[in-house]
Amino acid sequence: MSKILGIVNQKGGVGKTTTAINLAASLAISGLHILLVDCDPQANCTSGLGFARDDQRVSVYDVLTGEIPAEQALIPTQVDNLTILPGSKNLTGANIELASADNRATRLRDALATLKTSFDLIILDCPPALDLLTLNSLAASDSLIVPMQAEYFALEGISELVSTLERVRASLNPGLTIEGVLLTMYDDRTILAQQVTETLREYFKDRLFRTVIPRNIRLAEAPSHGKPVALYDPRSRGAEAYFDLAAEYMERNQIPNPKEASRQASRLNAESSQKVRFWPYSE
């Protein structure tokens, strides 16, 4: 049974979609089977993985409105082991259309329930607002990663988010937790960044990820090429940072790294197959 991980922050421009795409790709490249769900009407996750905008394509909107089951909306990506449930601008209308619907806040959770046995992890890219779409994402998630920049207004926003999470726990999802806070677009040369980091460390303690995502031009360029940074420039600082984040996530959740396990098995097989030779050596 897979876990559902929400990437959430009601503040825009903090790197939610960048994190959703690149964490999902890094985990998939590491060997996990990942489903990325684009819950944002802007559908940037979908376009960032190389899919042109298409209002006729089935999407999360059709799943939430009950038009089709989630299984019929899945699309494989150019990254092995990574599948996407695409977003659509039609999601803008979902907030209004679902306002009076039954189970309006748990529709995404119900739709994804049948997919949890098919993937190791389901990642939700949430919109930058505390609306019905985000509420569905929070109700569906087991835990959350909160990307944020190291600046003053981000600290104000995090307190609002924590307050919202408490209300969601009380009414819809008592098991919801914050997996961790992730610093993005980070520049450790500024005193403000260092001060905000210390404040977050005091409050969140070990829930603040050790990995930080630096400002990196390759991360900004990759979506315009329809690729995660791991495919666009695997040697860039951005790619290395998201691979580090994927490794830290797996370590926190005690998830074996499939590729690392495969490498260790190959090494052990090679060592055991070596012929032992005794002196004097003979051909």
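Fair warning: this is a prediction, and the values are worked out from it, not measured in the lab.
- Side-chain contact between F204 and I178 is present, with at least one heavy-atom pair separated by less than 4.5 Å.
- Side-chain contact, Y242 with T18: no donor N or O sits under 3.5 Å from an acceptor N or O.
- Listed for the D142 side chain is no donor-acceptor partner under 3.5 Å among the backbone atoms of L5.
- With hydrophobic clusters built from ILVMFWY side chains whose heavy atoms lie under 4.5 angstrom apart, L124 does not share a cluster with L23.
- L36 and C45 get closest at one heavy-atom pair: CD2-SG, 3.9 Å.
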Checking side chain to side chain contact (heavy atoms under 4.5 Å, CB included) for the pair C39/D125: CA distance, chi angles, key distance, verdict?
-> CA-CA 6 Å; C39 302; D125 180 36; 5.9 Å; no

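- The hydrophobic clustering, which links ILVMFWY residues whose side-chain heavy atoms are closer than 4.5 Å, places L144 and I122 together.
- Interatomic distance, CG of L138 versus CZ of R109, reported as 11.0 Å (0.5 Å rounding).
- Side chain of D244 to backbone of T211: no donor-acceptor contact under 3.5 angstrom is found.
- Heavy atoms only, all atoms of each residue included: A111 and A70 are closest at O-CB, 3.7 Å.
- If you chain together hydrophobic residues whose side chains sit under 4.5 Å apart, V8 and L112 fall into the same group.
- Side-chain atoms of V60 and S88, non-hydrogen and from C-beta on, never get closer than 4.5 Å to each other.
- Checking S163 against R167 by side-chain atom types alone, a donor-acceptor pair falls below 3.5 Å.
- Between V37 and L35, some side-chain heavy-atom pair lies under the 4.5 Å cut-off.
- Using modelled atom types, no side-chain atom of N90 and backbone atom of Y61 make a donor-acceptor pair closer than 3.5 Å.
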So Q72 and D62, side chain to side chain contact (heavy atoms under 4.5 Å, CB included) or not? Walk me through it.
-> CA-CA 10 Å; Q72 295 183 17; D62 301 286; over 6 Å; no

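- Contact record, A230 with N22: N-OD1, 4.4 Å, taken as the closest heavy-atom pair.
- Side-chain atoms of D40 do not come within 3.5 Å of backbone N or O of P127 as any donor-acceptor pair.
- When every heavy atom of A193 is checked against every heavy atom of A150, the shortest pair comes out as CA-CB, 3.7 Å.
- The shortest distance between side-chain heavy atoms of N253 and Y249 falls below 4.5 Å.
- With hydrogens and angles disregarded, no donor-acceptor distance shorter than 3.5 Å links the side chain of K16 to the backbone of G13.
- In this structure, R218 does not pair ionically with E240, as no charged nitrogen and carboxylate oxygen lie closer than 4.0 Å.
- Looking only at side-chain heavy atoms (C-beta outward), L115 and E71 come within less than 4.5 Å of each other.
- Of the candidates T46, T17, N44, D38 forms a side chain to side chain donor-acceptor pair (under 3.5 Å) with just one, namely T46.
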Apply the test side chain to side chain contact (heavy atoms under 4.5 Å, CB included) to residues S141 and L176: give CA-CA distance (whole Å), side-chain angles for both, the deciding distance (0.1 Å), then the verdict.
-> CA-CA 7 Å; S141 297; L176 182 63; 3.9 Å; yes

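- A salt bridge links K3 and E179; the closest N-O separation between the charged side-chain nitrogens and carboxylate oxygens is under 4.0 Å.
- The CG atom of L200 sits 11.0 Å away from atom CZ of R207, with the distance rounded to the nearest 0.5 Å.
- D187 and T190 share no side-chain donor-acceptor pair at under 3.5 Å.
- The shortest side-chain heavy-atom distance between V229 and S236 falls under the 4.5 Å cut-off.
- A cation-pi contact links R252 to F209, judged by a cut-off of 6.0 Å to the six-membered ring centre and 45° from its axis.
- With respect to K89 and D55, a salt bridge is recorded, a charged nitrogen being found less than 4.0 Å from a carboxylate O.
- In this structure, NZ in K116 is found 10.5 Å from CG in L121, a value given to the nearest 0.5 Å.
- The shortest side-chain heavy-atom distance between L32 and N81 does not fall under the 4.5 Å cut-off.
- In this structure, CG in L161 is found 10.0 Å from CE in M148, a value given to the nearest 0.5 Å.
- V168 is listed as a side-chain neighbour of L135, based on a closest heavy-atom distance under 4.5 Å.
- The structure places CD1 of I21 at 5.0 Å from CG of L49, a figure rounded to the nearest 0.5 Å.
- Taking CG of L183 as the start and CD of Q149 as the end, the distance is 10.0 Å to the nearest 0.5 Å.
- Residues I213 and V181 fall into different hydrophobic clusters, defined by Ile, Leu, Val, Met, Phe, Trp and Tyr side chains chained together at heavy-atom separations under 4.5 Å.
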Check against side chain to side chain donor-acceptor pair (under 3.5 Å), T197 and Y186 | CA-CA 10 Å; T197 301; Y186 193 74; 2.9 Å; yes

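- With no hydrogens or angles considered, no side-chain donor-acceptor pair links T65 and E97 at under 3.5 Å.
- In terms of heavy atoms, A239 sits closest to D233 at CB-O, 3.5 Å.
- Judged purely by atom type and a 3.5 angstrom limit, S2 has no side-chain atom pairing as donor or acceptor with the backbone of T117.
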Test log, rule side chain to side chain contact (heavy atoms under 4.5 Å, CB included), inputs I123 and L27 | CA-CA 11 Å; I123 296 177; L27 289 167; 4.3 Å; yes

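- Linking Ile, Leu, Val, Met, Phe, Trp and Tyr whenever their side-chain heavy atoms come within less than 4.5 Å puts L165 and L108 in one cluster.
- Proximity of the aromatic rings of F119 and H33 is defined here by a centroid distance below 6.0 angstrom, and this criterion is not met.
- Heavy-atom minimum distance, T83 versus L74: CG2-CB, 3.8 Å.
- Of the possible polar contacts, one joining the R107 side chain to the L64 backbone as a donor-acceptor pair under 3.5 Å is found.
- Judged purely by atom type and a 3.5 angstrom limit, R53 uses its side chain to pair as donor or acceptor with the backbone of Q42.
- Proximity of a side-chain donor or acceptor of N136 to a complementary backbone N or O of L133 within less than 3.5 Å is not detected.
- At distances below 3.5 Å, at least one donor-acceptor pair connects side-chain atoms of T77 with backbone N or O atoms of L82.
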